Participant: 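First, the structure itself, so that you have it in front of you.
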Amino acid sequence: MTTASPIIRVVDLEHRVSLGDEDITILKGVNLEVKAGQRLALVGASGSGKSTLLGLLAGLDSASRGQIHIAGQPLHQLDEEQRAALRARHIGFVFQSFLLLPTLTALENVMLPAELKGDSGNRKRAMALLEQVGLGNRVRHFPAQLSGGEQQRVAIARAFMTQPDILLADEPTGNLDQQTGARIIELLFELNRQHGTTLVIVTHDESLAVRCERRLLMTAGQLEEQHG
Ligand SMILES: Nc1ncnc2c1ncn2[C@@H]1O[C@H](COP(=O)(O)OP(=O)(O)OP(=O)(O)O)[C@@H](O)[C@H]1O
Ligand SMILES: [Mg+2]
């Protein structure tokens, strides 16, 4: 891969699901190229397909049709295990619903992605990340013992853990008060500045969207670039 080739390239992506006798098209004709280090805000109405696209970019599911290339690798041609390996190597993901493991403490949840990569000497880094999101005093808490916003911050620390090339974040400030949200936004952009992390952020938060150099609008499964 040359430096000029995009880190994310999506070609004619379509995603359909069948529910009983009904076939629903969730994404249609989605094309997208993102250069390494770009900051991109994905906006659009509820149900338009934003989370679906993010999940496909992370290889959590495979699309019905079309291509997704991540760091030059054809994600659409990989099986589940290979997609998981590609994800571990390149992608951090902040889910809209956090998806913390209930039986692990905050600290253990943050350490998990690095452990899955075979890096077990990461306790200090996980602690430092939890400090950075303002949870230094909650590391031993289990998810059920944390507020919604605190769980979200653990999920953000977890996504940062492996210093991913690409961070996919689904409404990362959606459950946070303005001050905590501002702190998380700073962290996201610091990651981008210091490590050149590509940011793809689903957000309704205008203060976050304005700091992204590109804005994409999803409307009923179709994606378009919005200009100035
Ligand atoms: N597994 C599934 N089976 C059937 N329909 C689904 C499935 N996953 C998503 N959908 C439908 O696809 C559409 C897009 O969902 P998605 O979660 O991507 O929306 P979104 O843009 O993220 O919305 P929100 O802003 O509310 O999070 C919705 O209408 C949803 O009901
Ligand atoms: Mg969503």
Side-chain angles (χ1 to χ4, degrees), residues 8-34 38-70 75-76 78-80 83-84 87 91-101 143 147-156 158-160 164 166-178 180-181 184-185 188 198-212 214-226:
I8 300 173
R9 187 159 77 91
V10 176
V11 185
D12 272 335
L13 197 70
E14 184 171 307
H15 197 54
R16 287 184 306 271
V17 295
S18 32
L19 269 185
D21 55 356
E22 203 187 353
D23 224 17
I24 311 172
T25 301
I26 302 179
L27 296 177
K28 47 196 158 200
V30 170
N31 289 288
L32 176 65
E33 284 199 2
V34 184
Q38 268 188 338
R39 302 173 298 269
L40 196 149
L42 178 56
V43 301
S46 176
S48 59
K50 305 178 301 292
S51 296
T52 303
L53 176 60
L54 232 56
L56 292 174
L57 291 177
L60 296 169
D61 195 359
S62 54
S64 311
R65 199 163 58 84
Q67 303 177 7
I68 299 177
H69 303 265
I70 298 290
L75 193 63
H76 54 284
L78 306 181
D79 64 26
E80 201 172 335
R83 292 201 305 268
R87 184 162 62 242
I91 292 175
F93 201 106
V94 181
F95 293 91
Q96 193 167 12
S97 50
F98 326 134
L99 291 186
L100 300 177
L101 293 183
S147 73
E150 287 171 344
Q151 290 177 48
Q152 183 151 25
R153 284 183 277 158
V154 174
I156 289 165
R158 178 181 60 184
F160 284 4
I166 303 169
L167 185 78
L168 305 173
D170 203 344
E171 300 197 35
T173 59
N175 294 278
L176 304 177
D177 62 273
Q178 208 181 3
T180 311
I184 295 304
I185 292 172
L188 289 172
T198 307
L199 302 177
V200 180
I201 308 170
V202 174
T203 188
H204 294 287
D205 182 344
E206 191 54 28
S207 65
L208 207 173
V210 293
R211 294 185 57 178
C212 294
R214 290 173 68 187
R215 187 188 297 226
L216 295 158
L217 173 66
M218 185 72 87
T219 311
Q222 291 185 298
L223 192 64
E224 64 175 327
E225 189 104 27
Q226 290 198 305

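Here the structure is a predicted model, which means the values were calculated and not measured. Note that ligands are numbered from 1 as they come in the structure, with each ligand's atoms numbered from 1 the same way.
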Participant: Among protein heavy atoms, which lies nearest atom 25 (O) of ligand 1, and at what distance?
Facilitator: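 Scanning the protein heavy atoms, the shortest distance from atom 25 (O) of ligand 1 goes to K50 NZ, 2.7 Å.
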Participant: Below 2.8 Å, can you find an N, O or S atom of S51 next to the Mg ion (ligand 2)?
Facilitator: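 Yes.
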Participant: What residue and atom, counting heavy atoms only, is the protein's closest point to atom 1 (N) of ligand 1, and at what distance?
Facilitator: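 Among all protein heavy atoms, the one nearest atom 1 (N) of ligand 1 is V17 CG1, 4.4 Å.
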Participant: Where is the nearest protein heavy atom to atom 7 (C) of ligand 1: which residue, which atom, and how far?
Facilitator: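 Result: I26 CD1, 4.0 Å.
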Participant: Look at atom 21 (O) of ligand 1 and say whether a protein heavy atom is found at less than 4.0 angstrom from it.
Facilitator: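 At least one protein heavy atom is under 4.0 Å away.
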Participant: Which pair of non-hydrogen atoms, one from L208 and one from P172, has the smallest distance, and what is that distance?
Facilitator: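 Minimum heavy-atom contact is CD1-CG, 4.2 Å.
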Participant: G49: heavy atom below 4.0 Å from ligand 1, yes or no?
Facilitator: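 Heavy atoms of G49 do come under 4.0 Å of ligand 1.
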Participant: Measure across T173 and G181 and return the closest heavy-atom pair with its distance rounded to 0.1 Å.
Facilitator: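 Where T173 meets G181 most closely, the heavy atoms are CG2-O, 3.8 Å.
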Participant: Heavy atom under 4.0 Å from ligand 1: found in Q96's side chain, backbone, both, or neither?
Facilitator: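 For Q96, the contact with ligand 1 is made by the side chain alone.
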Participant: Tell me, with the steps shown, if Q222 and L217 meet side chain to side chain contact (heavy atoms under 4.5 Å, CB included).
Facilitator: CA-CA 8 Å; Q222 291 185 298; L217 173 66; over 6 Å; no
Participant: Would one find more than 12 heavy atoms of other residues, nucleotides or ligands at under 6.0 Å from atom CD of E225?
Facilitator: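 Count over threshold, so yes.
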Participant: Do me a favour and list the nearest non-hydrogen protein atom to atom 17 (O) of ligand 1 with residue, atom name and distance?
Facilitator: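 Its nearest protein heavy-atom neighbour is S51 CB, 3.7 Å.
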Participant: Answer side chain, backbone, both or neither: which part of T52 comes under 4.0 Å from ligand 1, heavy atoms only.
Facilitator: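 Both parts.
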Participant: Of all the heavy atoms in A45, does at least one lie under 4.0 Å from an atom in ligand 1?
Facilitator: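 A45 counts as a contact of ligand 1 under the 4.0 Å cut-off.
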Participant: Does ligand 1 come near enough to G47 that some N or O of the ligand is less than 3.5 Å from an N or O of the residue?
Facilitator: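 Looking only at distances, the answer is yes, because the N/O contact criterion of under 3.5 Å is met.
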Participant: Which pair of non-hydrogen atoms, one from K50 and one from V43, has the smallest distance, and what is that distance?
Facilitator: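 The answer is CD-C, 3.7 Å.
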Participant: Please answer whether the main-chain N or O of L176 pairs with a side-chain N or O of R153 as donor and acceptor at a distance below 3.5 Å.
Facilitator: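 The answer is no, because no donor-acceptor pair under 3.5 Å joins these two groups.
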Participant: So do the side chains of I185 and D205 get within less than 4.5 Å of each other, counting heavy atoms only?
Facilitator: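 Of all side-chain heavy-atom pairs linking D205 with I185, at least one is under 4.5 Å.
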Participant: Has the side chain of D12 got a donor or acceptor atom that lies under 3.5 Å from a matching backbone atom of G29?
Facilitator: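 No: the side chain of D12 does not pair with the backbone of G29.
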Participant: Quick check: does Q96 have an N/O/S atom under 2.8 Å of the Mg ion (ligand 2)?
Facilitator: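 Yes, Q96 qualifies, because one of its backbone or side-chain N, O or S atoms lies under 2.8 Å.
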Participant: Going by a strict under-4.0 Å cutoff (protein heavy atoms only), does atom 9 (C) of ligand 1 have a neighbour on the protein?
Facilitator: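 Within 4.0 Å: yes, protein heavy atom nearby.
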Participant: Give a yes or no on whether the backbone of S64 and the side-chain of R16 come within a donor-acceptor separation of less than 3.5 Å.
Facilitator: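 Between the backbone of S64 and the side chain of R16 there is no qualifying donor-acceptor contact (under 3.5 Å).
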Participant: Considering only the protein, which heavy-atom contact is closest to atom 26 (O) of ligand 1, and what is its distance?
Facilitator: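 That would be S46 OG, 2.6 Å.
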